[in-house]
Visitor: 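Okay, handing you the structure first.
Predicted model only: the values in this text are computed from it and were never measured. Order of the sequence lines fixes the chain letters, A, B, ..., with proteins taken first and strands second; residue numbering starts at 1 for each chain.
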Amino acid sequence: MSHTKHTSSLRFRLHDRASETTKIFSPRLGAASLHRPGSADIEVQTPGILTSTVRGLVPHLARDTMRATQAIRWVNVPFESFLEHTPPILTLQNGPHPLHRILGFLPERHIVSMVLRDPSDDREMPPNGKDFVSANCIRGMTVSDWRNHAITCEPDVILALSDIPFTAGGLSQKRLTKSIERSAAWLADILKPVDMDDISATRPRLNVLVHMAGGSVLAARKEFAYSLLETPLDGEEASAIRPYKILDDGVSGYAFDLVPLHKAFSDPPSLDSVPLSKVSVRRTAMELSPAFNIPTPEATAKLVPLLRASLEILPPTKLRIAHSAGSPHEMLYLVRDVGIDIFDAHWAQRAADIGIALDFTFPAPITVDKNGRDIGHNMYDARYAHDFSQFADSFAEQTSEDSLAPSSRCSCLACSPMPPPSALRHSTIDEPVPTRQMKPNTRAYLHHLLHTHEMGANVLLAAHNLSVLDAFFAGIRSVLSSRPDDFAREVERFAHVYDGELKIFMLARKAWADVELARGKGRLAREKEKQAQGTLGTAVELD
Amino acid sequence: MQFEVLATCHTTKARVARMILPHGATMLPTFMPVATQAAIKGLTSQQMESLGISLILNNTYHLNLRPGIQVLKEAGGAHKFQGWDHNLLTDSGGFQLVSLSKFTKITEEGALFASPFTGEPTMLTPEESISIQHAIGADIIMQLDDVVSSLTTGPRVEEAMERSVRWLDRCIAYHVREGRQHTQNLFAIVQGGLDARLRGACLEEMIKRKDQVAGYAIGGLSGGEEKDVFWRVIKQCTEKLPEDRPRYSMGVGFAEDLLVCVALGVDMADCVFPTRTARFGVALTRKGALNLRLHKHAKDLNPIDHECPCPTCSDGVSRAILHHQTTRETAAAHAVTLHNLTFQAQVMGGARDAIINGTFPLYLKSFFADYFGDKGYPAWCVNALRSVGVDLLEDNPNAKVVTGRGVWWEYASAS
């Protein structure tokens with residue numbers, strides 16, 4: 001069957017009454033689905049997750065381990081690293097589904113979205129231009145190139161460029177106005193129908209998400225939302241997007257970048273917040289991870305009116321995506337108070353970089369010896385050296401009065417290893433013998449791998465943490481579906497049971513920096529370079 | 001251990017054997033990937049199984065430091081600790097004592113070294129080495145030997161050889177006393193440096209102990225000696241070693257070295273090279289090594305090798321995307337590691353089939369022609385293979401021959 005370009009469509013439907021306009025910010029159940037002619041739809045149940053990538057891959061997961069991770073259904077690909085080469089290599093791939101193909105994602109299993117900038121990267125950037133966005137690269141991106149790359153690469157979903165300044169200091173009213181105008185104009189550009197080689201073909205459209213601009217100013221956010229609903233005054237713009245009457249007609253969903261907002265609302269972390277240890281270790285921990293994105297409950301509370309300001313006049317039936325939420329707590333609050341549908345898994349993937357095995361569920365377990373327990377384990381901790389249990393034990397805990405958790409084991413490749421579907425044979429006489437009994441990986445083994453700086457530790461953790469986060473969202477959907485009236489109460493209970501400051505992150509980062517320092521200066525220099533280049537992943541061991 | 005020779009080459013000394021160990025059968029000749037710290041760098045046990053690899057190596061010195069013997073005992077041995085249900089070999093720890101610690105002093109009792117944790121003087125005796133290897137529980141364990149650099153000359157070489165024989169006796173005695181001779185297979189390590197007389201003496205003594213030794217390793221090589229000397233020592237050993245015992249050449253991992261060793265009658269070899277070089281972005285192919293970091297790969301949408309059955313190549317991972325990710329993302333290191341380990345296994349698997357089919361000399365010629373092509377055959381390979389009846393230059397008398405190592409590395413060439 002010949003493949004026709006740009007025929008996939010992203011759909012979103014809400015399962016319940018939440019579409020009533022009176023409840024536009026209620027938690028909601030739904031499904032984002034990607035329809036590809038000729039194959040089964042790919043569904044992401046919402047609330048749910050998407051997975052962050054760096055340099056075109058899910059950090060620590062090669063193609064086989066990535067595919068063995070069922071939690072990965074939607075991946076978001078920042079384009080900026082590919083600007084290192086002209087033309088970018090992602091645009092060189094031929095054949096059907098070129099972006100999937102060159103990066104190894106499966107058209108039948110994975111939704112791939114493309115965004116210019118890594119949404120978790122909060123470094124200062126040179127100012128954007130009238131039709132030009134700065135990226136973490138020598139080159140930036142022009143609006144017309146972005147459109148051309150989207151047409152060539154065929155992502156399932158494209159994020160329109162937006163003018164969200166990443167420069168220090170507050171923004172003037174003038175700058176905000178310009179930001180809104182530019183973002184709207186750039187959106188209009190990518191909404192234009194795609195000219196096909198075949199003159200008779202209908203001109204397809206891209207599946208476009210738009211970043212909700214306006215920064216931390218309520219009025220500016222409202223203004224941007226309003227610009228999506230306005231009939232363009234500019235005649236050229238109006239005719240370009242036809243038959244859409246307004247920009248919003250062509251938008252599949254709304255995206256929120258939380259990192260710049262967190263940054264606006266949080267004090268920068270000081271060295272004092274790193275646990276006491278040698279100064280060099282504390283400094284290393286800070287230097288290696290400058291972007292510290294764990295919001296306080298107060299900071300999250302400040303986000304809510306801003307996100308609502310963007311959404312209040314827009315149709316409630318569209319997909320809402322939040323990038324770089326900082327904790328499960330923040331995710332819950334934004335589901336509860338804003339009705340966010342999809343979150344990226346960034347913080348959970350970062351936890352895998354620094355040796356944390358997540359271990360939490362929603363609803364929270366009911367038999368809790370103490371509140372404020374950690375959402376995971378700092379696997380560097382000596383207490384795990386002799387611990388032969390599996391990474392997470394909360395899967396076996398009772399989470400409500402009347403039910404036991406459906407599965408007592410995390411389903412990831414570390415906790416539920418599966419025999420490989422096949423094994424290579426290298427000569428005619430080879431006699432492959434399958435493993436007799438697959439056992440979960442243990443905390444003691446993970447502890448060992450972390451202290452010996454083995455990359456395998458991060459593989460196991462990346463797969464595990466994505467799976468735990470995915471199960472957490474399954475739990476959210478389950479409560480919203482079976483007893484929606486309890487949801488708000490369960491969110492409060494979760495916030496009591498689990499520490500929302502993620503103190504475990506501080507401890508793990510320090511332990512991680514200890515091991516990095518012990519590996520010597522060359523190692524550390526590479527790690528710093530890595531951290532400066534990407535916000536997820538660790539450097540490759542070269543000695 | 002059950003060891004059965006299934007086929008021998010009609011021309012060279014190469015042979016195919018089935019070695020059945022407590023964790024299953026491994027077909028020889030084979031290459032053993034090195035999982036120094038109880039993990040092949042970045043790969044899960046399931047990934048290793050998917051590559052059709054059935055025998056890997058752990059380092060005793062490292063496991064003794066971390067996680068330590070107590071943890072391994074609690075885990076029920078290193079197999080269970082790392083989730084590896086296939087065969088495992090451990091070295092004795094002696095090599096690392098000498099290569100990693102400047103302060104190691106060898107006495108008759110054992111190797112005296114400063115503990116990396118406390119700095120306290122610590123003694124590793126032959127008995128202690130075997131005891132640690134018992135706790136690790138590998139299917140094949142190695143005697144503690146007195147290792148000297150292959151470049152050492154003078155009386156120290158003879159002393160080390162003779163001590164290695166005495167330490168073998170102590171290892172055997174301890175192994176038998178602990179009743180482990182039926183669950184773990186102890187290998188002797190032939191020493192004697194580059195001196196044919198000393199090698200001969202060592203072989204003679206160690207072969208006398210054949211009934212209590214499951215196999216033989218050839219040690220004290222791959223330490224920077226002349227390759228023309230290297231192969232002669234290997235040949236001297238394989239000619240003397242008993243037919244009904246596996247022969248293991250330690251620290252050998254370049255494809256040409258592996259095939260020469262196989263032709264000389266070696267059954268097993270190990271090296272960190274294929275996994276280590278993968279992390280630097282170097283992919284091994286039958287046409288030589290590719291350095292994926294070089295700019296010339298930046299737009300190349302071909303896989304490393306179209307013919308390769310590894311997960312990376314069979315999925316069409318392009319050189320361009322590997323160029324973009326290699327040395328920056330750990331997952332790119334995993335992808336190239338999967339490839340390089342498959343390459344090593346394919347070279348050895350191809351050798352097994354060729355030996356069985358009676359085409360091993362042709363296999364050697366074709367491999368070397370592809371691998372060195374117009375870059376020139378290393379003279380030592382030509383010499384070594386001639387000594388067992390294969391003339392690489394037979395059909396190609398004008399082929400270029402180069403002296404020295406002869407290894408062609410893409411990263412050594414400008415591009």
Side-chain angles (χ1 to χ4, degrees), chain A residues 54-65 81-82 84-85 89 92-93 101-104 385-386 388 413 417-420 422-437 439 441-442 444-445 447-449 451-452 454-456 458-460 530 533 537-538 540-542, chain B residues 6 16 18 24-25 27 37-39 41-47 49-52 54 62 66-67 70-71 74-75 80-83 85-86 279-280 298-299 301 309-312 315-318 320-321 324-325 327-335 338 342 345-346 348-350 352-353 356:
Chain A
V54 174
R55 298 185 89 80
L57 48 75
V58 179
H60 307 301
L61 299 182
R63 290 186 182 184
D64 52 356
T65 41
S81 75
F82 296 97
E84 287 167 5
H85 292 284
I89 59 160
L92 300 179
Q93 182 74 52
R101 193 159 163 224
I102 195 167
L103 297 179
H386 301 268
F388 295 95
L413 62 85
M418 300 281 283
S422 62
L424 293 177
R425 296 175 74 212
H426 303 285
S427 72
T428 49
I429 55 162
D430 285 18
E431 304 165 0
V433 184
T435 295
R436 288 165 286 195
Q437 200 183 358
K439 294 255 181 66
N441 283 276
T442 63
Y445 184 52
H447 174 81
H448 164 73
L449 294 179
H451 278 278
T452 51
E454 286 286 337
M455 291 187 282
N458 304 107
V459 176
L460 300 176
K530 166 74 192 168
Q533 282 158 351
T538 59
V540 179
E541 180 88 34
L542 288 179
Chain B
L6 303 176
V16 171
R18 181 193 287 115
M27 295 301 168
Q37 313 261 22
K41 296 242 182 284
L43 303 192
T44 66
S45 289
Q46 288 70 45
Q47 283 175 296
E49 189 173 314
S50 80
L51 299 185
S54 64
H62 293 88
R66 269 192 186 280
Q70 186 54 38
V71 169
E74 290 165 17
K80 288 189 175 141
F81 184 64
Q82 63 200 295
D85 197 24
H86 304 285
R279 299 198 292 282
F280 287 86
K299 292 177 185 173
L301 294 176
C310 84
T312 304
D315 201 60
V317 181
S318 62
I321 201 72
H324 185 70
Q325 298 164 342
T327 73
R328 314 287 276 277
E329 290 301 320
T330 58
H334 308 161
L338 288 167
T342 302
Q346 286 276 296
M348 298 303 253
R352 291 196 292 275
D353 274 345
I356 290 170

Visitor: Under a 4.5 Å heavy-atom cutoff, which of A:R425, A:R436, A:H85 has the most pairs with chain B?
Guide: A:R436
Visitor: What residues form a side chain to side chain contact (heavy atoms under 4.5 Å, CB included) with B:I356, not counting sequence neighbours?
Guide: A:I429, B:A7, B:V16
Visitor: Checking B:L301 against chain A: side chain, backbone, both or neither under 4.5 Å from a heavy atom?
Guide: side chain
Visitor: How many angstroms lie between CE in B:M27 and NE2 in A:H426, if you round to the nearest 0.5 Å?
Guide: 13.0 Å
Visitor: Identify which part of B:A298 has an atom lying under 4.5 Å from any heavy atom of chain A, answering side chain, backbone, both or neither.
Guide: both
Visitor: Taking A:M418, A:Q437, A:H386 one by one, which has the highest count of heavy-atom pairs under 4.5 Å against chain B?
Guide: A:H386
Visitor: If you tally heavy-atom pairs under 4.5 Å against chain B, which of A:D430, A:T65, A:L61, A:T442 wins?
Guide: A:D430
Visitor: Is there side-chain contact between A:I102 and B:S318, with at least one heavy-atom pair below 4.5 Å?
Guide: yes
Visitor: First locate atom CZ of A:R55, then atom CZ of B:R328, and finally report the distance between them rounded to the nearest 0.5 Å.
Guide: 4.0 Å
Visitor: Please identify each residue that fulfils side chain to side chain donor-acceptor pair (under 3.5 Å) with B:S54, with sequence neighbours left out.
Guide: B:T26
Visitor: Please rank B:A38, B:G83, B:G24 by heavy-atom pairs under 4.5 Å with chain A and give me the top one.
Guide: B:A38
Visitor: Check whether the side chains of B:H62 and A:T452 place a donor and an acceptor atom closer than 3.5 Å, and report yes or no.
Guide: no
Visitor: Nearest 0.5 Å please: distance from the NZ atom of B:K299 over to the CG atom of A:L92.
Guide: 7.0 Å
Visitor: Report yes or no: do A:D64 and B:Q47 form a side-chain donor-acceptor pair below 3.5 Å?
Guide: yes
Visitor: Answer with side chain, backbone, both or neither: which region of B:H86 has an atom nearer than 4.5 Å to a non-hydrogen atom of chain A?
Guide: side chain
Visitor: Would you compute the distance between atom CD1 of B:I321 and atom CD of A:Q93 and round it to the nearest 0.5 angstrom?
Guide: 9.0 Å
Visitor: To the nearest 0.5 Å, what is the distance between CE (A:M455) and CG (B:L43)?
Guide: 7.5 Å
Visitor: So which part of B:T342 gets closer than 4.5 Å to some heavy atom of chain A, the side chain, the backbone, both or neither?
Guide: both
